[in-house]
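Below is one structure, written out as C-alpha cells; comments come after it.
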Amino acid sequence: MSNTLYPLLETIHSPADLRLLPRAQLDLLAAELRAYLLDSVSKTGGHLSSNLGTVELTVALHYVFNTPHDRLVWDVGHQTYPHKILTGRRERMDSLRQLGGLSGFPQRGESEYDDFGTAHSSTSISAALGMALAAKIQGEERCVVAVIGDGAMTAGMAFEALNNAGVADCNLLVILNDNDMSISPPVGALNRYLAKLLSGQFYAAAKNAGKTVLKGAPPLFELAKRIEEHAKGMVVPATLFEKFGFNYIGPIDGHDLDSLVPTLENIKHLKGPQFLHVVTKKGQGYKLAEADPVAYHGPGKFDPAIGLQQPSTPPKQTFTQVFGQWLCDMAAQDRRLVGITPAMREGSGMVEFEALFPERYFDVGIAEQHAVTFAAGLACEGLKPVVAIYSTFLQRAYDQLIHDVAIQNLPVVFALDRAGLVGADGATHAGAYDIPYLRCIPNISVACPADENECRQLLSCAFAQQHPVAVRYPRGAGAGVAVEPGLKALPFGQAQIRRQGKGVAILAFGTLLYPALEAAKALNVTVVNMRWVKPLDGALLLEVAATHEALVTLEEGAVMGGAGSAVSEALQAAGVLKPLLQLGLRDEFIEHGDPVKLLALQGLDAAGIEASVLKRFAPLLESGRPALKAVA
C-alpha cells in the first residue's frame, strides 16, 4: 500500500500519537483510516461492513481515553480492525487472518491494547465489569469501557452483566453500538445537545442534589423521578437501561466526532455505571457495503472499485447449501419440521427456508441457550425441531443440551455447521470439541458425513429418529460428490468398508475419508467409512479388528475423548486387544490460517496420514505378516 495515500494515518503508531493531534484533524484521520481499512480488507478478505461502521467511534475512544491504562473491551471482535490499525498493527494488516499473521479478533497475546480476547458475542460487559471492580479493589484510577453491538445485546449474558453492573458500585461505561435500530429522529442537533447535557457534571450534580432534597418528601421524589423519565422518553428510547442502574445517555451519531468526543470527555469524569447509546451504519463510507452490509460482512478478496463479483465458474456446493436445500425439501414433505437459528440465518443456509416457510422459521437472536430449550419445548408438543447451529456455538448451550433435550430424550436434530477447523477465524470458531462433548451424553447420537451426498442422507436419517441426533459437517465444500435428489436416509448406525487392503485398517470419521483413501493407495491398507461416532457400528468394527493386525482412527476433531477414544473403549469392552493409532487434532488451540495448511500441520492430509501410519506400523506394512510384537 502506498503511504502517500495516508499521510496523517502513517504518523500514528500508537494511540499516544493520536492524542497529540489537534481536534480539528480527527475527521481527516477518520477519512484516511476508512480508506486504508477498505483497501486492506479488499486484499486479505475479512470482516468489512461492521468495521467501516466503527471508524469514528474507535478514533474518539482512543483520543479521549488513556489506553492501554484505561481498558477498552470490544464485543465479538468484528469491529476491531480500526482499533488494530491505530494500535501499532497497521503495517501487519496484510497478514490478517493468515497463518502466523494478525488475528481477526482481539487477542491478548497480540497487543497490550487488546485487553480481552473475544470472538463469541455478548461477553464484553461481564469482562469489563470484572476489570472495573478489580481497579476498585486494587485502588487504581482507570476508566473501563465495553463496546457492544445491538445484535450482541440479544443474548441473556449481556443482561446478566448489566443486572450485576448496575449494583456493583464501580466506574464502568457501556457503549451500545447500534447499527440496526431505526432511531433517525433522535439523531440531530437537539439530541446532540441533550446528550452533552445529560453527560455533563452539572446535570449529574443537580440530579444527585435533587434526589437528596426530595428524598425527605417521598411523594415529591417519586413525582420528580417520573417527570425526568418522561422528559427523557420524549427524545431517547425507553429507560430500560436506567432500570438496571445505569445513567443512560444518547442516542448520538456514531459518525459525528463533534458529538462523540465531547460526550465521551464528559462521561469520562462521571462516577458509577454509564450507558452511552451510539448509532452507526454498517458499511459507512463505502456505498456498496452500505447498500448490502450482509454481503460485505465477511467478504473474500475483491476490487473496491468494482465490488463483489460472481465467480467465472460456479463454486462447488457447500455443506451449508446441502443442509439448506435438505431443510426446504424435508419441510415440504413433513409439516412438523421447524427450523431454529441463533442469529445465523445466512451462515447456516436458512435464507430460502425462511422465504418458503416463514411461519416455521425462528431466529431467536444470539441466544444459544434459549434456542436449545425452545427446541425442546416445540418437541414436547409433537413438532420436529431442527437447530442449525455452529459447532463452536453449541458449546454455549451445553447445560440445556443435557437437561432440556437429552434427559427428556426429545427428537431434536442438531445440524452442526463448521465442525472441525474453520481456517481464518481460528481457535475461537473451530468445531474441535463437539465429538467429545456430545458422545458422553446419554440418548444423543452423532453422525459424521464424509461428503455432500452423505450429509443429505444422514440428515434424513437423523430426522427420522425419535431421540436427539447431531449431524456434524465442515465449513465450505467437500469432495464434490453429486447430491442425489429425494430424501433417502442412510441406515442408522451403519458403517461401510470403502477400500479393502491388508494388515492395517483406517477407520475414518467424516470428510477425512478422502485423504485416507488417497493414503491407503500407497499403503495398501483397508479404509472404513465409519459415518457414526455414536452409535458405532460395533459388528463391523469387531469384524475389521478380527481381520487386521492394527487399526488407525482418523477424525477432524479433538483426539482426547473423540471418535478414536470411542473405538478404543468399544474394543476394550469386547475384550479385543489390538494396536491402535488415533489421529486427529492435537491437544492445543489451533490458530487461524488456510484450512488446507492447518490440516497438513496437524498431519491430517494424505501425506501426513501416510507418514503417521508408516511411522507406527512400518514393520507390519513392509513384511506383510503379523507383527504384533513390533508394533505393540
Residue pairs passing the side-chain hydrogen bond (donor to acceptor under 3.5 Å, both in side chains) test with at least one member in residues 591-608, sequence neighbours excluded, are Glu588-Gln602
### Task
Answer yes when Asp94 and Arg90 have at least one side-chain N-carboxylate O distance shorter than 4.0 Å, and no when they do not.
no
Less than 6.0 angstrom separating the ring centers of Phe241 and His277, yes or no? no
Rounded to the nearest 0.5 Å, the CG atom of Leu72 sits from the NE2 atom of His62 at a distance of 5.0 Å
- Task: Could you tell me whether Asp425 and Arg418 have a side-chain N and a carboxylate O separated by less than 4.0 Å?
- Result: no
When rounded to the nearest 0.5 Å, the distance separating CG of Leu257 from CG of Leu57 is 9.5 Å
Looking only at heavy atoms, the pair that brings Arg396 and Ser121 closest together is NH2-O, 2.7 Å
Original post:
If you measure from the Lys or Arg side-chain nitrogens to the Asp or Glu carboxylate oxygens, is any gap between Glu110 and Lys84 under 4.0 Å?
Top reply: yes
Charged N to carboxylate O under 4.0 angstrom, Asp363 versus Arg345?
-> no
Distance-only donor-acceptor hits, side chain of residues 123-135, under 3.5 Å, sequence neighbours excluded:
from   : atom 1 : to     : atom 2 : distance (Å)
Thr123 : OG1    : Thr118 : OG1    : 3.3
Ser124 : OG     : Asp75  : OD2    : 2.6

Check: Does CZ in Arg108 sit with more than 12 non-hydrogen atoms of other residues, nucleotides or ligands closer than 6.0 Å?
Finding: no
| said: Donor-acceptor pair, distance only, cut-off 3.5 Å: does the side chain of Tyr296 make one with the backbone of Leu308? | reply: yes
Tell me whether Asp303 at atom CG has more than 12 heavy atoms from other residues, nucleotides or ligands lying less than 6.0 Å away. yes
More than 12 heavy atoms of other groups within 6.0 Å of Glu140 CD = yes
message = If we ignore hydrogens and angles and just use 3.5 Å, is the side chain of Asn51 paired with the main-chain N or O of Tyr81 as donor and acceptor?
response = yes
Assess the residue pair Arg142 and Phe65 against the criterion (side chain to side chain contact (heavy atoms under 4.5 Å, CB included)); give the C-alpha distance rounded to whole Å, side-chain angles, the decisive distance to 0.1 Å, and a yes or no. CA-CA 9 Å; Arg142 66 161 44 98; Phe65 293 98; over 6 Å; no
Rounded to the nearest 0.5 Å, the CD atom of Glu290 sits from the NZ atom of Lys282 at a distance of 13.5 Å
